[in-house]
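A short worksheet on the structure shown next.
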Amino acid sequence: MIRCTRYLMPTTKETPSDAEVVSHRLMLRAGLIRKVASGIYTYLPAGLRVLRKVERILREEMDRAGAQEVLMPAVVPSELWRESGRWDAYGKELLRFRDRADREFCLGPTHEEVITDLVRREVRSWRQLPLNLYQIQDKFRDEIRPRFGLMRGREFFMKDAYSFDADDESAAESYRKMYDAYCRVFRRMGLDFRAVEADTGNIGGSSSHEFMVIADSGEDAIVSCVSCSYGANVEKAECTPQAGAAAAAPGAGPARKVATPGKRTIGEVSEFLGIDPASLIKTLLFETSAGDVAVLVSGVFDVNEVKVKNHLGADWIRLAGEDRVRELSGAPSGFAGPVGLPVRTIADHSVQAIAAGATGANERDAHLVDVVPGRDFAPEAYADLRTVSGKDPCPRCGAALRFSRGIEVGHVFRLGTRYSEAMRAVYLDPEGKERVAVMGCYGIGVGRTAAAAIEQNHDGDGIVWPISIAPFEVSVIPVNVKNRDVVGAAESVGTALTDRGLEVLLDDREERPGIKFKDADLAGIPVRVTLGEKNVAAGFGEVRDRKTGETLRVELSMLAAETVALVERKKAECAP
RNA sequence: CGGGACGUGGCGCAGCCUGGUAGCGCAUCUGCUUUGGGAGCAGAGGGCCGCCGGUUCGAAUCCGGCCGUCCCGACCA
């Protein structure tokens, strides 16, 4: 049993002005964290208790899934990162420095290199596989813009697991085990989440799923099917090519140039020419590691940079600036078009469906109309290059898609042999032949998960923790600490609850009741036991549910039992 | 990295334009009263006004540089 008078949990009525999102604000106000530098925090006792609860669930589920815990260093020598090729590829997010002997190191933002190095040294035989190792460890990423408290910090705790298998089939099984373990983890935390298909980004690999906690404040947009189980990050979500692409417009005359003074945007051009935006061919110029590329898409859709990047197999991609647009198209931005454009061109399927369209003329204040794809220009390829829209059907079953926002709390990847090949993590198969291990990696942000839980579970009074990750399960409040009977009743119920294995915070401060109630609500402790003077004098106490506000007045002799019962009911809500 | 803003007791802010004894609310400490949803009265402590330089008799205030922080964007397992 912990006593408030002996516990550092500095709550505040007012919020520091730099806290933008609910979870950040409430973590500060509830005395869980304090900022040390941008994106870098100290975890106070109650905040650390929450993280430890999350970690315990992670350990239990990782162990249950057959993974073994290790602990790798935060400081990693550059040689390992050079071997995988990421020393140069990772960019400024990787915090680099030198030791006294001028050797280069980085603070690890993720640990594929270190784990692969370990496994290649220790694993020789197919008999040692499959192997799944995990750690819960401090990570550092020098984020461009840290924000939202623990949601996007620079230093943070992460559970990262890495699997090594003999072949693809076995690797798929390891991946499935982790996927299932993740579902159990988030169910045990009482979170409303979706696992969605995602892009693999910098980490690489063949496929991946993100685990998204549904919250309006989420930084990611996701789609999910209202009918089947399909879900995807919008940057990944597949778009079904529209049916009925006409080869040529019946009766479309030759393309001709029209004056469009000052009309640059789809909206302006559409209105000025009286043409449906769906028939406009939007032309975007990109600079990429694979050279300059023009990307075409129907005026009603948006180009998806991730899809373009993947289609090209490029390492990086960025929209060309105004100067580059002039160089490439010979016109200011807003007037680029595929006809006669001396740049490699690819087009989204939506362009194929345009019978006769309008597009920029590569000339200031001019557009072309009656442009026919295939006749007036021929893209190198048609592909899915646009971002899914509200009108798109589910690519799996054709039903409607629902858009929502989510917080990415976990990510699982099938890595394949990218790292094991580059770093020679090989083993001998039963025939004595050398083979490359097939890898997977699996991350969960510990602090971010706690923050996401708050985003999803709070009200006007503060946090409403799911009981499985609450810093305490029960708060016991003697309304007046100068009344001996009240204090005695509080002490005895607190002791009884502690004896039954509950985590109790006793508010023994000499404060007014209002302050204690407000603090208990703010801290989000799921169950509150209140001992008031009149009730105690009459032999009663109260049990209150933080979430619903429901209060039970029960005899002191039954108080502990009722409290335990309520805690058990709340725990049952967090069953895997 | 581009755009914008802000740095004044622990927190939230005023003062700056128009230079002249550094203020308010909350919090903290002491005493008394109060005790079921952030109490009242009385008293007290706490500041290199982000840092460095310049202008001036005199700078929180004007000027320059730097640092830090936040917001928007670009970017991002």
Side-chain angles (χ1 to χ4, degrees), chain A residues 10-21 24-25 28-29 31 34-40 86 89-94 108-112 139-149 151-154 156 158-162 198-205 208-212 219-220 233 235-236 305-306 309 316-319 321-322 408-413 415 440-445 448 460-462 477-483 486-487 507 509-522 528 530-536 540-542 544 549 551 553:
Chain A
T11 56
T12 61
K13 196 155 48 171
E14 285 173 300
T15 321
S17 54
D18 55 6
E20 197 59 19
V21 296
H24 188 196
R25 211 161 49 227
L28 288 168
R29 284 194 56 207
R34 287 294 184 260
K35 186 173 72 177
V36 175
S38 180
I40 298 175
R86 289 206 296 182
Y90 210 88
K92 286 191 177 173
E93 251 188 48
L94 187 63
T110 173
H111 282 70
E112 284 80 8
K139 295 276 187 283
F140 194 94
R141 289 182 194 173
D142 200 359
E143 291 280 350
I144 294 172
R145 182 141 92 91
R147 56 186 138 177
F148 304 152
M151 201 82 91
R152 182 173 288 276
R154 291 195 290 174
F156 56 97
M158 179 165 121
K159 188 288 302 174
D160 45 326
Y162 305 87
D199 186 63
T200 52
N202 257 358
I203 292 269
S208 84
H209 285 86
E210 288 170 334
F211 286 77
M212 296 284 191
E219 291 188 90
D220 290 285
N233 193 307
E235 66 182 27
K236 169 79 176 179
E305 290 192 21
V306 171
K309 181 176 165 227
W316 56 265
I317 175 172
R318 66 167 170 263
L319 201 55
E322 180 68 30
E408 181 193 348
V409 290
H411 205 154
V412 293
F413 297 84
L415 285 178
C441 76
Y442 319 90
I444 288 181
R448 185 184 280 190
D461 289 316
I477 297 187
V479 161
N480 181 355
V481 295
K482 286 183 177 165
N483 180 314
V486 167
V487 171
D507 196 344
R509 294 177 301 170
E510 196 176 324
E511 290 284 1
R512 299 172 60 80
I515 289 180
K516 298 186 182 188
F517 295 153
K518 287 288 184 190
D519 275 351
D521 287 350
L522 179 60
R528 186 180 93 198
T530 313
L531 289 311
E533 290 186 274
K534 285 174 191 157
N535 274 332
V536 168
F540 284 86
E542 287 166 311
R544 179 185 164 97
T551 307
R553 183 170 180 265

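Keep in mind that what you see is a predicted model, and the values were worked out from it rather than measured.
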TODO: Could you tell me whether A:E305 contacts a base, only the sugar-phosphate backbone, or nothing, with contacts defined as non-hydrogen atoms closer than 4.0 Å?
DONE: sugar-phosphate
Task: Pairwise side-chain contact, A:F156 with A:R448, heavy-atom cut-off 4.5 Å (strictly under) - done: no
TODO: Could you give the distance separating B:A60 and B:G19 at their P atoms, to the nearest angstrom?
DONE: 14 Å
Task: Sidechain N-carboxylate O distance under 4.0 Å for A:R509, A:D519 - done: yes
Task: A:E143 bridged to A:R152 by N-O distance under 4.0 Å - done: yes
Open item on the list: In this structure, how many angstroms lie between the P atom of B:G37 and the NZ atom of A:K13, rounded?
Closed with: 14 Å
- [ ] Would you indicate, yes or no, if B:G38 has its OP1 or OP2 atom less than 4.0 angstrom from a side-chain nitrogen or oxygen of A:R512?
- [x] no
Open item on the list: Heavy-atom nearest nucleotide on RNA chain B for A:K35 versus A:T530: which residue maps closer to 5'?
Closed with: A:T530
Task: Nucleotide nearest A:R544 when distance is taken to its side chain, options B:U69, B:C76, B:G37 - done: B:G37
Task: Pairing nucleotide - B:C62, Watson-Crick or G-U, each distance under 3.5 Å - done: B:G54
Open item on the list: Rounded to whole Å, how long is the line connecting atom CD of A:E511 with atom P of B:U35?
Closed with: 16 Å
Open item on the list: Looking at B:G36, which nucleotide sits across from it as a Watson-Crick or G-U wobble partner, both distances under 3.5 angstrom, or is there none?
Closed with: none
- [ ] In whole angstrom, give me the gap between the C1' atoms of B:C29 and B:C52.
- [x] 37 Å
Open item on the list: Considering every strand and a 4.0 Å limit on heavy-atom distances, what is the contact class for A:R29: base, sugar-phosphate, or nothing?
Closed with: base
Task: Distance-only donor-acceptor test (3.5 Å): side chain A:R553, base B:G36 - done: no
Open item on the list: Using the C1' atom as the point on both nucleotides, what is the distance between B:C67 and B:A74, in whole Å?
Closed with: 24 Å
Open item on the list: Using Watson-Crick or G-U wobble geometry with both distances under 3.5 Å, which nucleotide pairs with B:G2?
Closed with: B:C72
Open item on the list: Go through it in stages, so that I can follow the logic: the residues are A:K309 and A:D199, the test is salt bridge (charged side-chain N to carboxylate O under 4.0 Å, His left out), and I'd like the CA-CA distance, side-chain angles, deciding distance and then a yes or no.
Closed with: CA-CA 11 Å; A:K309 181 176 165 227; A:D199 186 63; 5.6 Å; no
Task: Flag, side chain of A:R29 to backbone of A:T12, donor-acceptor distance under 3.5 Å - done: yes
Open item on the list: Please report the distance separating the C1' of B:C16 from the corresponding atom of B:G10, rounded so that it comes out in whole Å.
Closed with: 24 Å
- [ ] Let me know, please, whether A:E533 or A:T11 comes out on the 5' side of the other along RNA chain B by nearest nucleotide.
- [x] A:E533
Task: Nearest-Å distance for atom pair CZ/P, residues A:F148 and B:U69 - done: 17 Å
TODO: Could you tell me whether the side chain of A:N535 has a donor or acceptor atom within less than 3.5 Å of a complementary atom in the base of B:G36?
DONE: yes
Open item on the list: Taking only the P atom of each, what is the distance from B:G40 to B:C26 in whole angstrom?
Closed with: 7 Å
TODO: Write down the distance between CG (A:D507) and C1' (B:G36), rounded to a whole number of angstrom.
DONE: 14 Å
Task: Span that lies between the C1' atom of B:G36 and that of B:A42, in whole angstrom - done: 27 Å
- [ ] Indicate yes or no: does A:K236 engage A:E210 in a salt bridge with an N to O separation below 4.0 Å.
- [x] no
Open item on the list: Rounding to an integer number of Å, can you tell me how far A:R318 CZ sits from B:A74 P?
Closed with: 15 Å
Open item on the list: For A:A161, give me all partners under side-chain contact (heavy atoms from CB on, under 4.5 Å), at least two apart in sequence or on another chain.
Closed with: A:M62, A:N132, A:Y134, A:K159, A:M178, A:Y442
Open item on the list: In the structure I gave you, are the side-chain heavy atoms of A:D521 and A:R528 within less than 4.5 Å of one another anywhere?
Closed with: yes
TODO: For B:G7, give its Watson-Crick or G-U wobble partner with both distances under 3.5 Å, or none.
DONE: B:C67
Open item on the list: Regarding A:D521, tell me which of base, sugar-phosphate or nothing describes its non-hydrogen contacts under 4.0 Å with the strands shown.
Closed with: base
Task: Spacing of A:E219 atom CD relative to B:C72 atom P, expressed in whole Å - done: 10 Å
Task: Test item: A:R553 side-chain N/O and A:G541 main-chain N/O as donor-acceptor pair under 3.5 Å - done: no
Task: P gap between B:G65 and B:G2, integer Å - done: 15 Å
Under 3.5 Å, which N/O atoms of the protein pair with N/O atoms of nucleotides 1-11 of chain B?
residue, atom, partner, partner atom, Å
B:C11, O2, A:E14, OE1, 3.3

- [ ] State which of B:C72, B:G36, B:G37 makes the closest approach to the side chain of A:R528.
- [x] B:G37
Task: Residue pair A:E112 / A:C441, side-chain heavy-atom distance below 4.5 Å - done: yes
- [ ] Taking atom P in both B:G31 and B:C72, compute the distance separating them and give it to the nearest angstrom.
- [x] 47 Å
- [ ] Write down the distance between CG (A:D519) and C1' (B:U35), rounded to a whole number of angstrom.
- [x] 16 Å
Task: Watson-Crick/G-U partner (both atom distances under 3.5 Å) of B:G31 - done: B:C41
TODO: Look at all strands and tell whether A:G443 reaches a base, only sugar-phosphate, or nothing, counting heavy atoms closer than 4.0 Å.
DONE: nothing
Open item on the list: Need the pair for B:G47. Rule: Watson-Crick or G-U wobble, both distances under 3.5 Å, any strand; none if unpaired.
Closed with: none
Open item on the list: Distance check needed: B:G73 C1' versus A:E143 CD, whole Å only.
Closed with: 16 Å
TODO: Classify the nucleic acid contact of A:Y442 as base, sugar-phosphate or nothing, counting any heavy atom under 4.0 Å across all strands shown.
DONE: nothing
Task: Watson-Crick/G-U partner (both atom distances under 3.5 Å) of B:C13 - done: B:G23
